[in-house]
Amino acid sequence: SGKGVLTAPFRLLKTNRLGVILTFAVYKRDLPLNATPTERIQATDGYLGGVFDIESLVEKLLQQLASKQTILVNVLDTTNQSYPISMYGSNASNDGLEHVSLLNFGDPFRKHELRCRFKQKPPWPWFGLTTSIGILVIALLVGHIFHATVNRIAKVEDDCHKMMELKKQAEAADVAKSQFLATVSHEIRTPMNGVLGMLHMLMDTDLDVTQLDYVRTAQASGKALVALINEVLDQAKIKSGKLELEEVQFDLRAILDDVLSLFSGKSQDKGVELAVYISDQVPQMLIGDPGRFRQIIINLMGNSIKFTEKGHILVTVHLVEEVIDSIEVETESSSENTLSGFPVADRRQSWKGFRTFSQEGFIHPFSHSINLIVSVEDTGEGIPLEAQSRVFTPFMQVGPSISRTHGGTGIGLSISKCLVNLMKGEIGFVSIPKIGSTFTFTAIFTSGSSSSKKYKSQQINKMSNSVSSEFYGMRALVMDPRPVRAKVSKYQIRRLGIHVEVVSQWKQGLSSICRGSNAINMVIIEQEVWDKYLNNSTLFFDTLEKIDYGTPPKVFLLSNSISSSGANISTGVCNMTVIPKPLRSSMLAAALQRTMGVGNKGNPCNGQLPSLSLRNLLLGRKILIVDDNNVNLKVAAGAMKKYGADVVSATRGIEAIELLTPPHQFDACFMDIQMPEMDGFEATRRIRDMEHNINNRIHHGELSVEAYNNVSNWHVSILAMTADVIQATREECLRRGMDGYVSKPFEAEQLYREVSRFFQ
């Protein structure tokens, strides 16, 4: 009916007095006054009711109207005239004058009466008038109470509608913010792609040393700007909950080799020793998101490089089970057992409070899960105690002077923490001012050996796998007095299949060589040993020359010095090859190949592998590049032509449709997403529809396969080429009919990773 409903009187639980409940319906939307019962039922969202203690209510009102005459009041529920229900007052019979008034509580289906009389003789008429007025006031007050209740219900409904409107506005604002970030990303990265691309092409021209230095500086600055843009966009994606992890197979050791290469120049410039150690128990192949894992390592190592002026930076990777079984694995707080001899912050304190270590017995969440624990240890400035609580707060730095001295935005650690959480891990740190900091995080991956066919493999830095077989069976002697540093060297050398023996003193090593029980093919000397004991001594090399059996072992020097990197040091008797740090399997293998005379000494370095592989893949391929920006067209076309591709350019989506109408000779198409008139997604949709239509007509015999170059199933590989790193995810591109995407600015490794999936 749209009106209130009043219950029959009943005893209240607490006071045992008579009371009633007034109930109103609450509707989801506004209804007209003439709404039908069916419409009201359908629009009902719930009910709102109030409990009224009738006895207390009436007594309070009567106290305000009290006079010399005592008034007896009875309130009756007369819905059933034959059996009225007394809600208030006594049931004693009355022979005197009685006044009866009807009460309306808002329920049209229930009837109530208010009966009033004097306890003594009937008062004078003027007194009866006063009583009637009092009763009227009571009725008005009761009505006011119910009216206020109705108004309150209406206000609650209005507030509910306003909250729904605000929710819609907030959702619309979130969408608008994402679109704004995508647009800003595209508009900034598009010219940056042109700048970096042209600089890359300029580096391939004939430049003198000064010009090349200028170009490299400009390119490094541009890449730093792109990295900053990526960090801000990552933070935006994290806040909007749109950051997702990939599930691909990758080589953990190759990832860390790649990161070492990235920071090797900075560490050599500062004279800081940089090293990585991965436990033998960590599987070679894992399944997870290598890009985001690499991003965490880069953020942590980048901070360490930034704040470390002397000593070392050491990255260690173990299984959590190793650390649980032996809590002191690979760590001591004394300076005697560190990489560089400088004291460090005990990394055991960095994982203090991790849930993983508080459980009794670690249990994997699923059968092939690999729980890694990664520590990044440095001997830098350390973090002041008062600033340690805000380390993971976005855009917060240790102090105002930090950004002026070292640069940065203060969001790297915040992003790293979010990525670690997505990997079902934890992150913590320990830092001692003037000593250094150690950051540790855990992450859960899946073993790559169990489902290698299910996941695609990411090829990064595989050179060590192809050359390591050339060193199988060889033996190396490492001279290093520091156990941690010797263990790192042993780890890198063993990756090439070489048996390694470690000695702490050069005389002990010389004794081992002279015994001759196992022929030593190479002697690897740490620079500290060379500087202290062997620099001015010919005894060591004279002894090597006098070995009676076989060929004397080759001698290598491990050095942090840039000036001696890759050089040969002549001692008058023997030449010694210098291997620069940080040690990486690819560089170590190249140095050993040149000196030992094994394998292909002309092998390119790791950085050239993608270029040669791209040339093999793209040579003679006909590629269509579609972009509305002429600078980007030049950059992309120049990159493709550099690797031997036959490039055709188009500036509009409609041109791409015309060029890719079967039959055609194109092997692939790189399509920009954001273009005027017709964007890349719409152009791709029309191309796929056209291919599908032609394929169906060929299969049904409506078209001759000979007229279409004897191809019965047309499908050209289309890759998105965009500067939008928020919306242009691989899943979105695949959903729109594309086969993959490359983000601007792109480089040889990224092109190789995408192109290799289509060209063999």
Q: Let me know which of N521, L477, V523, I524 forms a side chain to side chain contact (heavy atoms under 4.5 Å, CB included) with P553.
A: V523
Q. So which heavy atom on R482 is nearest to which on L339, and how close?
A. CD-O, 3.6 Å
Q. Between I673 and Y741, is any pair of side-chain heavy atoms under 4.5 Å apart?
A. no
Q. Which heavy atom of V420 sits nearest a heavy atom of E426, and at what distance?
A. CG1-N, 3.4 Å
Q. What pair of heavy atoms forms the shortest contact from H312 to T379, and how long is it?
A. N-OG1, 3.0 Å
(Q) side-chain hydrogen bond (donor to acceptor under 3.5 Å, both in side chains), that's the test. Do T595 and T577 meet it? Break it down for me. (A) CA-CA 7 Å; T595 305; T577 302; 3.1 Å; yes
Q. Taking all atoms of both residues into account, what is the closest heavy-atom pair of C733 and G740, and its distance?
A. CB-O, 4.1 Å
Q.
Apply side-chain contact (heavy atoms from CB on, under 4.5 Å) to residues L592 and F556 and explain how you reach the verdict.
A. CA-CA 9 Å; L592 295 181; F556 299 88; 3.4 Å; yes
Q) Taking the side chain as C-beta and beyond, is there a heavy-atom pair between M301 and L262 under 4.5 Å? A) no
Q. Say you draw a straight line from NZ of K310 to NZ of K270; how long is it, rounded to the nearest 0.5 Å?
A. 13.0 Å
Q.
If we check ring pair (Phe, Tyr, Trp, His ring centres under 6.0 Å) with F439, which of these qualifies: F307, F429, W351?
A. F429
Q.
Any side-chain to backbone donor/acceptor pair from N421 onto K417? Under 3.5 Å, distance only.
A. yes
(Q) If you apply the rule side-chain contact (heavy atoms from CB on, under 4.5 Å), what do you find for D213 with T217, and how did you get there? (A) CA-CA 6 Å; D213 180 62; T217 302; 4.2 Å; yes
Q: Evaluate the side-chain proximity of K581 to L274: yes if any heavy-atom separation is below 4.5 Å, no if none is.
A: no
Q.
What verdict does the side-chain contact (heavy atoms from CB on, under 4.5 Å) test give for V555 and W530, after you've listed the backbone C-alpha separation in whole Å, the side-chain angles of each residue and the deciding distance to 0.1 Å?
A. CA-CA 11 Å; V555 182; W530 171 260; over 6 Å; no
Q) Any side-chain heavy atom of R584 sitting closer than 4.5 Å to one from S264? A) yes
**Q.** Atom pair CD1/OG of I444 and S369 - distance to nearest 0.5 Å
**A.** 6.0 Å
Q. Among D257, D280, D251, which residue meets the salt bridge (charged side-chain N to carboxylate O under 4.0 Å, His left out) test with R495?
A. D257
Q: Please round to the nearest 0.5 Å and tell me the distance separating atom CG of L419 and atom CZ of F293.
A: 11.5 Å
Q. Going from CZ on F445 to CG on L245, what distance comes out if it is rounded to the nearest 0.5 angstrom?
A. 8.5 Å
Q) Are Q219 and H200 close enough that some pair of their side-chain heavy atoms sits under 4.5 Å apart? A) yes
Q | Shortest non-hydrogen contact from P290 toward I255 | A | CB-CD1, 3.9 Å
Q | Any L413 side-chain heavy atom under 4.5 Å of L300 side chain | A | yes
Q | Residues R485, E528: salt bridge by 4.0 Å N-O rule | A | yes
Q) Going through the distances and angles, do S279 and E322 end up as a side-chain hydrogen bond (donor to acceptor under 3.5 Å, both in side chains)? A) CA-CA 9 Å; S279 167; E322 296 180 71; 2.9 Å; yes
Q: Flag the pair L319 / L372 as yes when at least one side-chain heavy-atom distance between them is below 4.5 Å, and no otherwise.
A: yes
Q | Reported CD1-to-CG distance for the pair I579 and L588, which is rounded to 0.5 angstrom | A | 5.0 Å
Q: Apply the test side-chain contact (heavy atoms from CB on, under 4.5 Å) to residues R216 and M203: give CA-CA distance (whole Å), side-chain angles for both, the deciding distance (0.1 Å), then the verdict.
A: CA-CA 8 Å; R216 285 175 175 169; M203 290 176 65; 3.8 Å; yes
Q: Report yes if some heavy atom in the side chain of M640 is under 4.5 Å from a heavy atom in the side chain of Y643; otherwise report no.
A: no
Q. What pair of heavy atoms forms the shortest contact from T440 to S375, and how long is it?
A. OG1-OG, 2.8 Å
Q. To the nearest 0.5 Å, what is the distance between CZ (F342) and CD (E273)?
A. 11.0 Å
Q: With sequence neighbours left out, write down each residue that passes side-chain hydrogen bond (donor to acceptor under 3.5 Å, both in side chains) with S431, or none if nothing qualifies.
A: S437
